[in-house]
**Q** 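Okay, here's the structure, questions in a sec.
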Amino acid sequence: MMIVELAHAFQIWAYEVFVAQLDTWILVGWIAQVLFTARFVAQWVASERAGRSVVPLAFWYFSVAGGFLLFVYALYRKDPVFIVGQGAGLFVYLRNLHLIWRESRASKS
């Protein structure tokens, strides 16, 4: 009987978390998380193809896109930990892109 009660409690919890509160902001959060996760997939595939650890340019673009949307989502949620974490991450991702672009321009000269 206890297992049935636990299963029912979990079902109610899962509905409240994943269905009842579904709105546009939750969808923005999900899209952001998918973009942010895609960076790891891009890095993994590039590394597998190269046979060594590689960080492709796509990793940084996915980082910026996902990180920016997660930052906006965190602002909406008014979560200070999430805001600071994503804000700092965005700085790092954009700085890496700047360094890559600068190196690319220098090598073309």
Side-chain angles (χ1 to χ4, degrees):
M1 188 64 169
M2 186 175 185
I3 292 176
V4 172
E5 291 171 3
L6 284 173
H8 182 67
F10 176 77
Q11 182 181 16
I12 291 170
W13 175 85
Y15 177 82
E16 289 173 358
V17 171
F18 293 102
V19 178
Q21 67 175 346
L22 186 63
D23 64 7
T24 301
W25 280 105
I26 297 290
L27 291 175
V28 167
W30 278 113
I31 291 167
Q33 192 59 53
V34 166
L35 286 170
F36 205 65
T37 300
R39 70 196 194 125
F40 293 114
V41 174
Q43 191 274 330
W44 176 37
V45 169
S47 294
E48 289 295 331
R49 286 183 178 163
R52 60 184 178 79
S53 183
V54 173
V55 180
L57 188 58
F59 178 90
W60 299 113
Y61 284 119
F62 281 125
S63 295
V64 169
F68 176 75
L69 280 178
L70 286 170
F71 180 71
V72 170
Y73 181 73
L75 290 173
Y76 170 76
R77 295 298 234 177
K78 299 177 183 172
D79 183 325
V81 174
F82 203 13
I83 290 167
V84 171
Q86 290 303 320
L90 277 173
F91 174 77
V92 172
Y93 312 143
L94 290 169
R95 179 65 178 146
N96 273 284
L97 279 174
H98 177 262
L99 293 171
I100 291 167
W101 292 332
R102 189 172 70 186
E103 182 181 350
S104 176
R105 277 185 298 190
S107 68
K108 290 178 184 176
S109 300

**Q** Is there a path from Tyr76 to Ile31 through hydrophobic residues (I, L, V, M, F, W, Y) whose side chains come within less than 4.5 Å of each other?
**A**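 Linked within one cluster.
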**Q** Nearest 0.5 Å please: distance from the CZ atom of Phe59 over to the CZ atom of Phe40.
**A**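 With rounding to 0.5 Å, CZ (Phe59) is 5.5 Å from CZ (Phe40).
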**Q** Compare every heavy atom of Val55 with every heavy atom of Gln43, then report the nearest pair and how far apart it is.
**A**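 That would be CG-CA, 4.3 Å.
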**Q** Using every non-hydrogen atom in the two residues, find where Ile83 and Phe71 come nearest and quote the distance to one decimal.
**A**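 Smallest interatomic distance, heavy atoms only, reads O-CE1, 3.4 Å.
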**Q** If you take all heavy atoms of Ala32 and Leu69, which pair is closest and at what distance?
**A**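 Heavy-atom minimum between the residues: CB-CB, 3.3 Å.
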**Q** What are the two closest heavy atoms between Ser53 and Ser47, and how far apart are they?
**A**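 So the two residues come closest at CA-OG, 3.5 Å.
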**Q** Starting from Leu6, can I reach Val4 by hopping between I/L/V/M/F/W/Y residues whose side chains sit under 4.5 Å apart?
**A**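 Val4 and Leu6: separate clusters.
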**Q** Hey, can you tell me if Tyr73 and Trp25 have their rings parallel, tilted or perpendicular (30° and 60° cut-offs)?
**A**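 The arrangement is tilted - the two ring planes meet at 30° to 60°.
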**Q** Could you tell me the separation between the NE2 atom of His98 and the CZ atom of Phe91, rounded to the nearest 0.5 Å?
**A**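 Interatomic distance, His98 NE2 to Phe91 CZ, rounded to 0.5 Å: 10.5 Å.
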**Q** Applying side chain to side chain contact (heavy atoms under 4.5 Å, CB included), run through Phe68 and Val72 and close with a yes or a no.
**A** CA-CA 6 Å; Phe68 176 75; Val72 170; 3.7 Å; yes
**Q** Please say whether more than 12 non-hydrogen atoms of neighbouring residues, nucleotides or ligands are located less than 6.0 Å from CD in Glu103.
**A**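 Result for CD/Glu103: open.
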**Q** From Glu16 CD over to Ile12 CD1, what is the distance, rounded to the nearest 0.5 angstrom?
**A**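 So the gap between those two atoms works out to 7.0 Å.
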**Q** Return the CD1 to CZ distance between Ile3 and Phe10, rounded to the nearest 0.5 Å.
**A**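 With rounding to 0.5 Å, CD1 (Ile3) is 14.5 Å from CZ (Phe10).
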**Q** Restricting to non-hydrogen atoms, name the atom on Pro56 and the atom on Ala42 that form the minimum distance, rounded to 0.1 Å.
**A**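 Smallest interatomic distance, heavy atoms only, reads CG-O, 3.7 Å.
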**Q** Do Phe18 and Ile26 belong to the same hydrophobic cluster, where Ile, Leu, Val, Met, Phe, Trp and Tyr are linked whenever their side-chain heavy atoms lie under 4.5 Å apart, directly or via other members?
**A**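 Per the 4.5 Å side-chain linkage, Phe18 and Ile26 are co-clustered.
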**Q** Report the residues that fulfil side chain to side chain donor-acceptor pair (under 3.5 Å) with Glu48, sequence neighbours left out, ordered by chain and then residue number.
**A**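 Result, side chain to side chain donor-acceptor pair (under 3.5 Å) vs Glu48: Trp44.
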**Q** Does Trp30, at its CH2 atom, have more than 12 non-hydrogen atoms belonging to other residues, nucleotides or ligands within less than 6.0 Å?
**A**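 Not more than 12 within 6.0 Å, no.
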**Q** Using 0.5 Å steps for rounding, measure from the NE2 atom of His8 to the CD atom of Glu5.
**A**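 Result: 9.5 Å between the selected atoms.
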**Q** Are Val28 and Val34 connected in a single hydrophobic cluster, I mean Ile/Leu/Val/Met/Phe/Trp/Tyr linked by side-chain heavy atoms less than 4.5 Å apart?
**A**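 In one cluster: no.
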**Q** Hey, mind stepping through Leu35 and Tyr61 against side chain to side chain contact (heavy atoms under 4.5 Å, CB included) and telling me if it holds?
**A** CA-CA 9 Å; Leu35 286 170; Tyr61 284 119; over 6 Å; no
**Q** Any chain of hydrophobic side-chain contacts (each under 4.5 Å) joining Leu75 to Val64?
**A**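 Per the 4.5 Å side-chain linkage, Leu75 and Val64 are co-clustered.
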**Q** CZ of Phe36: more than 12 outside heavy atoms within 6.0 angstrom?
**A**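 Yes - once you tally the heavy atoms of other residues, nucleotides and ligands closer than 6.0 Å, there are more than 12.
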**Q** Would you check if the side chain of Gln33 reaches a backbone N or O of Gly29 as a donor-acceptor pair within less than 3.5 Å?
**A**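 Looks like no, no N/O pair under 3.5 Å.
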**Q** Just verifying a value: how many Å separate Gln86 CD and Leu90 CG, rounded to the nearest 0.5 Å?
**A**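 Gln86 atom CD to Leu90 atom CG measures 6.5 Å (nearest 0.5 Å).
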**Q** So, for Phe82 and Ala74, which heavy atoms are closest and what is the spacing to 0.1 Å?
**A**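 That closest heavy-atom pairing would be CD2-CB, 3.4 Å.
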